[in-house]
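Report on the structure given below.
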2 protein chains.
Amino acid sequence: MDNRSKLLSEALNLFSDRGFDAVGVQEIVNVCGVKKPTLYHYFKNKIGLLETIFSENFVALKNQISLASEYKHDITNNLNQITKTFFEYAKEHQKFYRMQLSMYFSPPENEVHQIAIKYNKELHDLLEEMFKNAVKDHGNFRDREGLYAATYLGMVNTYIGMFLNRYVEIDEALIYRLVHQFMHGIFS
Amino acid sequence: MDNRSKLLSEALNLFSDRGFDAVGVQEIVNVCGVKKPTLYHYFKNKIGLLETIFSENFVALKNQISLASEYKHDITNNLNQITKTFFEYAKEHQKFYRMQLSMYFSPPENEVHQIAIKYNKELHDLLEEMFKNAVKDHGNFRDREGLYAATYLGMVNTYIGMFLNRYVEIDEALIYRLVHQFMHGIFS
DNA sequence: TTACTAATATACCTACCGGTATATATAATT
DNA sequence: AATTATATATACCGGTAGGTATATTAGTAA
């Protein structure tokens, strides 16, 4: 594996385990067996390294969610598809998802929070768009599209968090449970 | 206000806004108008300062949750009481709750995570105990008490997170929604 | 008054932080 | 063969991190 990929991969591991601020660039390059200028050759600075990790890992997730959220007059089906996509992605990219989640919840004025917010907003917007399209069939969704998107994302991340901490296993039953719990919340 | 209280209060503010690692002890003492040895006179070290913030802020919450989770053959009532307690506490201690939440979600090997886990486990155990007591009346709860406690805490924190980011207002309706969404999840 | 303890200040420690100036090696292009 | 762009190494920068040795002050107890 080339040094650039090695740096991205090892930095992700370290950030995921201990946090961005707690890991120094010196440690990253040590683990990779390279020197500091090599890191700064490929990335603008430490935060730029993180930005690259985010952008390269988010592409796939965003594309899949984009597909799964295409509204075709069956919101339940959409939610099932989206949930499945999230769960499978989290399962296959546990290190990244863990890091991403922790940064999403990190303090508002922390630089890493801004980055996490930026990428998560793209997902939020896809979901909001879907709920907006569903207003044709579900009039009572009107003006709550953003709220629904946020609530749904919150629930997905709650369950993924429980999975990452080995409280639940990801399977069809969990998808069913989440979707119906969410739907019950918005239809009653 | 005495220097000890000032240090606790200003450190909480800074940690909540920017994160534990991102704030130096020098900055804390500057804001308080004291010198470093004063901080180290009252607290063992930086992490000891955080420990004190946690222990002094968690006492009230834990006591209230302990009361609200006393099982009296009406689990719905318990959940309503507990939810109300959480919401009111989060509303009155926004800075602390924000910090506490972010640390709960911070990376597993990060020192602050361990502290957050330790205190949250006490709440988890209270809820698990309540669900255990409820098994007498709800046999289908058996062996899922821990899972229910975790799921419920996850939902509460999701809603509190949305409140802290001004996505929802905390009121009776929100309590009702959360409790019924959770109950629907476990009774179906 | 003396002795003791709690509280605060001055000044300083080592270690490490993120980042870079500069040189060199390798490989592709002309 | 000469030139250029890419990639890596040596050595170093100023700044700040958490933490402390030591002295001084203020208040309390004997």
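These values consider heavy atoms only, across backbone and side chains, with no hydrogens, waters or symmetry-generated copies. On a predicted model such as this, the values are computed, not experimentally measured, just so you know. Note on naming: letters A, B, ... go to the chains in the order of the sequence lines (proteins, then strands), and numbering restarts at 1 for each one.
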Whole-Å distance between [N] [atom2] and [X] [atom1]?
{"X": "B:His41", "N": "C:dT8", "atom1": "NE2", "atom2": "P", "result": "7 Å"}
{"X": "A:Leu39", "N": "C:dT20", "atom1": "CG", "atom2": "P", "result": "12 Å"}
{"X": "A:Asn3", "N": "D:dT8", "atom1": "CG", "atom2": "P", "result": "4 Å"}
{"X": "B:Tyr42", "N": "C:dA6", "atom1": "OH", "atom2": "P", "result": "11 Å"}

Is the shortest distance from a Lys or Arg side-chain nitrogen in [X] or [Y] to a carboxylate oxygen in the other one below 4.0 Å?
{"X": "A:Arg18", "Y": "B:Glu109", "result": "no"}
{"X": "B:Glu169", "Y": "B:Arg177", "result": "no"}
{"X": "B:Glu10", "Y": "B:Lys6", "result": "no"}

*With under 30° as parallel and over 60° as perpendicular, where do the rings of A:Tyr167 and B:His124 fit, or are they tilted in between?*
tilted
*asked:* Between B:Glu27 and B:Val25 (side chain of the first, backbone of the second, donor and acceptor by atom type, cut-off under 3.5 Å), is there such a pair?
replied: no
*May I ask you to check whether over 12 heavy atoms, not counting those of B:Glu111, lie within 6.0 Å of atom CD?*
no
*For every nucleotide of nucleotides 14-26 of chain D, 5' to 3': is a protein heavy atom under 4.0 Å from its base (B), only from its sugar-phosphate (S), or from neither (-)?*
---SBBBB-----
